[in-house]
**Q** 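Structure below; questions to follow.
For clarity, every value in this text was computed on a predicted model and none was experimentally measured. Below, read A as the first sequence line, B as the second, and so on, with proteins coming before strands; counting in each chain starts at 1.
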Amino acid sequence: MLSREDNALLTRVERGTPMGDTMRRYWLPALLARELPDKDGAPVRVRLLGEDLVAFRDTQGKIGLLDELCPHRRASLFFGRNEECGLRCVYHGWKFDVEGRCVDMMNEPDSESFRQKIFTTSYPTLEAGGIVWAYLGPTERQPAPPAFGWLRIPDTHRQVSKVIQETNWLQGLEGGIDTSHAPIMHRLLTTESKRPGFRPDNPFVKGKPPVLAVDVTDYGYRYAGIRQLDGDRIHVRTYQYIMPFHQIRPSRSESGVPLMAGHTWVPIDDEHTMVYNWEFTTIDAPLTEEDRLERRLGNGPLDVDQTTFRSKRNRSNNYLIDRQVQKTETFTGIDGINVQDRAIQESMGAIVDRSREHLGPADRAVIQARKLLLEAVRTVEQGGTPRGVEPTYGGLAAAEAVLPRDADWRTAALPAGSQIEQTV
Amino acid sequence: MLSREDNALLTRVERGTPMGDTMRRYWLPALLARELPDKDGAPVRVRLLGEDLVAFRDTQGKIGLLDELCPHRRASLFFGRNEECGLRCVYHGWKFDVEGRCVDMMNEPDSESFRQKIFTTSYPTLEAGGIVWAYLGPTERQPAPPAFGWLRIPDTHRQVSKVIQETNWLQGLEGGIDTSHAPIMHRLLTTESKRPGFRPDNPFVKGKPPVLAVDVTDYGYRYAGIRQLDGDRIHVRTYQYIMPFHQIRPSRSESGVPLMAGHTWVPIDDEHTMVYNWEFTTIDAPLTEEDRLERRLGNGPLDVDQTTFRSKRNRSNNYLIDRQVQKTETFTGIDGINVQDRAIQESMGAIVDRSREHLGPADRAVIQARKLLLEAVRTVEQGGTPRGVEPTYGGLAAAEAVLPRDADWRTAALPAGSQIEQTV
Amino acid sequence: MLSREDNALLTRVERGTPMGDTMRRYWLPALLARELPDKDGAPVRVRLLGEDLVAFRDTQGKIGLLDELCPHRRASLFFGRNEECGLRCVYHGWKFDVEGRCVDMMNEPDSESFRQKIFTTSYPTLEAGGIVWAYLGPTERQPAPPAFGWLRIPDTHRQVSKVIQETNWLQGLEGGIDTSHAPIMHRLLTTESKRPGFRPDNPFVKGKPPVLAVDVTDYGYRYAGIRQLDGDRIHVRTYQYIMPFHQIRPSRSESGVPLMAGHTWVPIDDEHTMVYNWEFTTIDAPLTEEDRLERRLGNGPLDVDQTTFRSKRNRSNNYLIDRQVQKTETFTGIDGINVQDRAIQESMGAIVDRSREHLGPADRAVIQARKLLLEAVRTVEQGGTPRGVEPTYGGLAAAEAVLPRDADWRTAALPAGSQIEQTV
């Protein structure tokens with residue numbers, strides 16, 4: 001559990017809050033690159049850490065991310081004209097380039113010196129991995145670009161999607177780094193069921209819950225759930241947590257191709273989160289069109305409106321829970337593994353009251369993430385650089401493996417990673 | 001009128017408020033028994049006095065009423081699995097029995113001592129009269145079960161329904177114990193109209209408004225509207241008010257069978273009320289399917305969505321008022337006697353500002369109810385037991401009768417009731 | 001820009017606020033006369049300066065404008081019966097005449113002296129120009145009736161409509177008196193386009209932005225945008241601003257008939273405005289049915305629901321912006337000149353933060369209106385009568401003309417108006 005004060009500290013992300021200032025030290029996913037397909041195309045509204053912004057791709061392909069409201073009379077640039085290397089407000093024709101400079105004023109053509117004094121808020125952006133990333137922090141602290149391994153994979157082998165979660169960002173993260181719930185909530189009740197989920201004969205499900213080992217690193221932590229199997233073997237499943245809100249986990253496509261996958265929980269504001277989902281094939285095989293539907297997770301175009309990014313199965317329709325399916329086929333009666341996650345996390349309310357929790361040993365990874373986040377807030381307050389800002393996480397992987405009992409899962413299952421400070 | 005302070009005192013019912021504490025001394029209707037038809041069936045969300053709860057019927061038929069949120073990580077038990085004498089949270093598999101004990105932890109199978117310390121909020125329940133009743137107060141003050149006469153009637157002769165009213169509970173009660181409005185608002189304009197309402201040749205309508213007599217009793221009050229008729233006769237119509245929110249009134253089915261009927265206004269929260277409606281035949285004749293449609297009141301399945309319990313004629317569609325019908329057939333132009341009540345009570349706003357009322361002699365019953373409710377709050381604050389908690393109201397009836405002018409309506413029209421303290 | 005304090009001062013209009021008290025010194029449009037077509041017809045809800053009222057036309061044709069809630073128990077008179085020179089509450093049958101007197105009490109027929117003490121809030125009304133006007137201020141300060149020229153035009157030659165704008169009133173006014181935006185936002189991109197807007201060959205569009213001259217008068221101001229044309233000519237377009245919220249501008253029907261037109265921005269409450277739109281032919285030619293559709297402005301029955309007065313193209317559907325049209329035909333891609341205005345003004349938020357503006361010379365008319373409004377608030381606070389209350393504005397006109405360079409546009413283009421205090 002957390003005190004009410006610490007709960008507020010970790011969940012509030014508006015500018016000027018401690019966690020808001022901390023988040024602004026990282027590169028953040030702002031939108032999908034495919035939302036800005038064309039030069040001089042339609043601008044897109046972006047809400048990020050409670051700030052209302054507008055993104056556009058200019059004539060040269062550069063991406064601007066500006067305050068949504070024009071500094072002249074505060075009209076929305078969403079309705080603006082994207083033309084000749086700038087976004088022009090339609091109210092009085094003020095035009096801004098991707099760096100926020102006012103480059104034209106239709107209503108004041110003779111006021112050159114006035115125009116040169118006008119700037120609007122503009123944030124640096126870059127494109128990587130099918131995502132437009134933005135940096136909302138102090139200029140002098142701007143870090144190196146994000147260096148996740150999945151950003152270097154060709155599009156043919158990688159899928160990226162996004163979906164809105166109607167909760168605070170931390171609720172999403174805490175579900176994503178909690179291996180403990182996965183074989184419980186996402187299990188199937190019979191081996192016959194064709195619905196997405198873990199079959200009851202999966203070692204991940206049928207054995208006892210795993211022992212957890214959490215290795216704190218300079219980027220966050222990696223951790224493993226370790227299960228004793230019959231005979232002299234163990235089953236190991238590892239996750240990576242890269243601060244402040246990235247997860248890497250092992251996965252597998254429906255056709256059996258091994259995947260590396262992950263989520264990123266980006267705060268839209270205190271009570272809404274944009275979840276980015278990525279996966280790529282770890283063998284040299286492109287993803288298929290079927291893979292890109294993400295049926296199993298419930299994150300693809302069949303499940304999520306690709307204009308609003310709202311899930312079709314959502315709180316207002318109880319996620320289309322089928323109580324008969326819950327009795328006979330799946331643990332929740334809700335279809336889609338990440339739909340199940342959103343259902344349960346949204347059921348906790350927009351910001352769960354962590355002062356009323358009862359945590360046990362199985363919650364160790366969640367507890368450790370909170371400790372690291374509180375540490376990051378203090379680091380930023382003291383002028384330092386929190387874990388995960390420096391791109392030391394580029395070579396990370398997550399893995400699932402069956403190993404001899406006395407194997408060292410750290411070396412046997414994973415490539416060399418960052419230095420381990422402490423194992424908890 | 002009430003001061004703003006007293007208005008807040010009587011209308012606010014969350015835990016820890018004076019009226020909230022008072023309400024929690026009574027057995028309260030929590031949901032209809034038919035909402036939990038099956039053992040191990042789907043759980044149901046219940047909001048009661050501002051508390052979010054979940055109800056379920058377990059394998060043995062016992063009804064649990066628990067905090068909606070699991071004490072582990074605060075996920076909703078509404079999405080839970082109702083299985084083998086307990087409701088199991090799908091997030092990490094914690095399971096609770098009807099008494100709130102944690103009886104299993106899938107994610108912590110080896111943490112027996114931790115599990116034994118975990119309890120969730122659980123309230124006592126009982127089934128009576130087609131309703132699941134709950135007690136939300138201090139254990140040591142739990143009263144005897146509710147003993148209303150209508151609870152002892154066989155289902156064949158009794159109908160019970162419910163509908164949401166979008167106001168504070170007191171607005172509903174005050175309409176229900178206000179005989180003064182009934183022959184005005186619910187009247188028909190012509191004897192030819194087939195719509196529900198009181199015909200203009202009804203003695204209840206055509207004469208002068210009644211003189212009111214209010215007899216304060218140990219359960220609340222009973223009161224009568226007494227009208228002088230032509231000749232040496234009087235028309236008497238009595239109601240019972242059982243504290244804090246029950247009404248009993250005489251009624252009659254469409255086919256002319258005499259009924260005893262009533263409402264109970266249970267606070268969902270400060271601004272929403274669940275109105276329970278009951279009626280039974282006072283002769284040995286079962287109710288018909290037609291009777292159970294409750295067309296006349298507008299409370300049955302044709303008028304109220306039986307999943308959400310929202311009225312189809314509601315504030316958002318102006319209750320489908322027909323101004324031509326209002327000109328020529330009925331006083332309001334709105335169909336359904338209780339739809340008329342909800343329309344006018346909801347039009348006053350969620351919590352009416354009683355400091356701006358102008359009350360007259362016809363409002364005596366309303367004024368008296370407020371006095372008794374203020375007294376009940378003080379009684380509870382002083383550690384006592386308010387009127388209506390002890391089941392002294394079991395034999396009560398309401399009646400409508402034409403009597404000789406000098407008859408004693410109390411003895412002629414009603415069975416023996418509780419002792420009268422004072423007539424106002 | 002304005003300080004936050006002055007921004008609040010000018011935008012808040014509830015009773016008791018400085019601007020609320022100032023607004024209450026003027027006659028205000030309350031609803032369209034055609035919303036009350038019949039004697040004894042259905043009453044209509046009216047929200048005006050944050051007050052919830054109900055309007056009705058009585059048996060004699062007089063219009064009452066009363067507090068929506070009955071003073072007895074605070075039920076809504078919207079559901080009331082409009083009968084025999086009064087509006088009767090259906091709850092207990094209290095009836096009020098257009099002056100707010102209680103003229104009958106069905107539930108208290110013998111309480112004559114009680115009844116005579118009961119009054120409800122009632123505001124004076126008058127009908128003029130197809131509009132019901134109301135005065136919500138102190139009785140002793142009630143001014144002469146509104147005397148706008150357009151009120152004296154026969155219905156055959158005049159069109160009046162209304163539409164809700166989802167912003168504070170001042171945002172609407174500031175758009176309406178800002179000639180600077182019109183040839184920018186409302187322009188067409190090609191002379192071929194048949195959509196509403198100013199063609200690129202219009203002198204209003206193709207030249208440089210105008211020099212503004214603002215003449216402060218006893219009713220507000222008139223102002224002109226003056227453009228140098230080729231040769232020795234100037235183009236002059238004048239507007240009138242009559243305080244607190246009226247505009248007059250020159251216009252032209254689709255068939256080329258010259259029109260005088262204007263808007264009035266009446267506060268529904270702090271965050272919603274009812275915009276009244278009027279126009280009349282300045283030659284003796286009646287308006288056609290086509291003219292009354294107001295397609296060009298987007299204010300007519302094809303564009304605005306005539307029951308709710310909500311625009312069909314609105315914030316929730318991004319005003320049906322067509323980005324391809326925006327690229328090739330019109331500056332905004334939104335159809336309807338006043339739809340464009342509402343789109344951009346609503347995009348600024350319900351109450352724009354004027355402390356974050358950057359105003360230039362082209363905003364002179366907006367700046368001057370704010371000065372006059374702040375002056376009006378101070379005048380009222382000191383017990384005086386603000387500009388525009390006395391009907392000195394009856395003969396005003398607005399004009400558009402091409403004149404010789406050295407012509408005096410004030411005398412050449414406009415009829416004699418009020419005295420000019422100052423030109424800014």
**Q** If you count heavy-atom pairs within less than 4.5 Å of chain B, which of C:Arg81, C:Glu68, C:Arg73 leads?
**A** C:Arg81

**Q** Below 4.5 Å from any heavy atom of chain C, which atoms of B:Ile321 appear? Answer side chain, backbone, both or neither.
**A** side chain

**Q** Please classify the contact between B:Thr330 and chain C as side chain, backbone, both or neither, with a heavy-atom cut-off of under 4.5 Å.
**A** backbone

**Q** Of all of B:Gly349, B:Ser180, B:Ser347, which one pairs up most often with chain C through heavy atoms under 4.5 Å apart?
**A** B:Ser347

**Q** Just so I understand: if I count every heavy-atom pair under 4.5 Å between each of C:Glu108, C:Glu83, C:Met106 and chain B, which residue has the most?
**A** C:Glu108

**Q** Say whether, by atom type as modelled, one donor and one acceptor occur between the side chain of B:Thr273 and the main chain of B:Thr167 under 3.5 angstrom.
**A** yes

**Q** Which answer fits C:Arg88, side chain, backbone, both or neither, if we ask what part of it has an atom under 4.5 Å from a heavy atom of chain B?
**A** side chain

**Q** Among B:Met1, B:Glu174, B:His186, who wins on heavy-atom pairs under 4.5 Å with chain C?
**A** B:Glu174

**Q** Find the one option among B:Arg323, B:Gln340, B:Glu357 whose heavy-atom pairs under 4.5 Å with chain C are most numerous.
**A** B:Arg323

**Q** Counting distance only, does the side-chain N/O of B:Tyr241 pair as donor-acceptor with the main-chain N or O of B:Ile248 below 3.5 Å?
**A** no

**Q** Find out whether B:Leu212 and B:Tyr223 are in side-chain contact, i.e. whether some heavy atom of one side chain is under 4.5 Å from a heavy atom of the other.
**A** yes

**Q** I'd like to know whether CG of B:Asp230 has more than 12 heavy-atom contacts from other residues, nucleotides or ligands below 6.0 angstrom.
**A** no

**Q** B:Glu346, B:Lys327, B:His358, B:His181: which one forms the most heavy-atom pairs within less than 4.5 Å of chain C?
**A** B:His358

**Q** Contact part of B:Arg354 toward chain C, heavy-atom cut-off under 4.5 Å: side chain, backbone, both or neither?
**A** neither

**Q** Given the rule in the salt bridge (charged side-chain N to carboxylate O under 4.0 Å, His left out) test, do C:Glu51 and C:Arg24 qualify, once you have shown the distances and angles that lead to the verdict?
**A** CA-CA 12 Å; C:Glu51 298 186 32; C:Arg24 281 170 178 79; 2.7 Å; yes

**Q** What part of C:Asp52 is in contact with chain B, defined as an atom under 4.5 angstrom from a non-hydrogen atom: side chain, backbone, both or neither?
**A** neither

**Q** Is C:Phe114 in contact with chain B via its backbone, its side chain, both, or neither, using a 4.5 Å heavy-atom distance?
**A** side chain

**Q** With a cut-off of 6.0 Å (strictly less than), are more than 12 heavy atoms of other residues, nucleotides or ligands near NZ of C:Lys39?
**A** no

**Q** To the nearest 0.5 angstrom, please state how far the OH atom of C:Tyr123 sits from the CG atom of C:Leu53.
**A** 6.0 Å

**Q** With only heavy atoms counted, which part of B:Asp341 is less than 4.5 Å from chain C, the side chain, the backbone, both or neither?
**A** neither

**Q** Answer yes or no: does atom CD of C:Glu289 have more than 12 heavy-atom neighbours from other residues, nucleotides or ligands under 6.0 Å?
**A** no

**Q** Where do B:Val352 and B:Asn7 come nearest, in terms of heavy atoms and distance?
**A** O-ND2, 2.9 Å

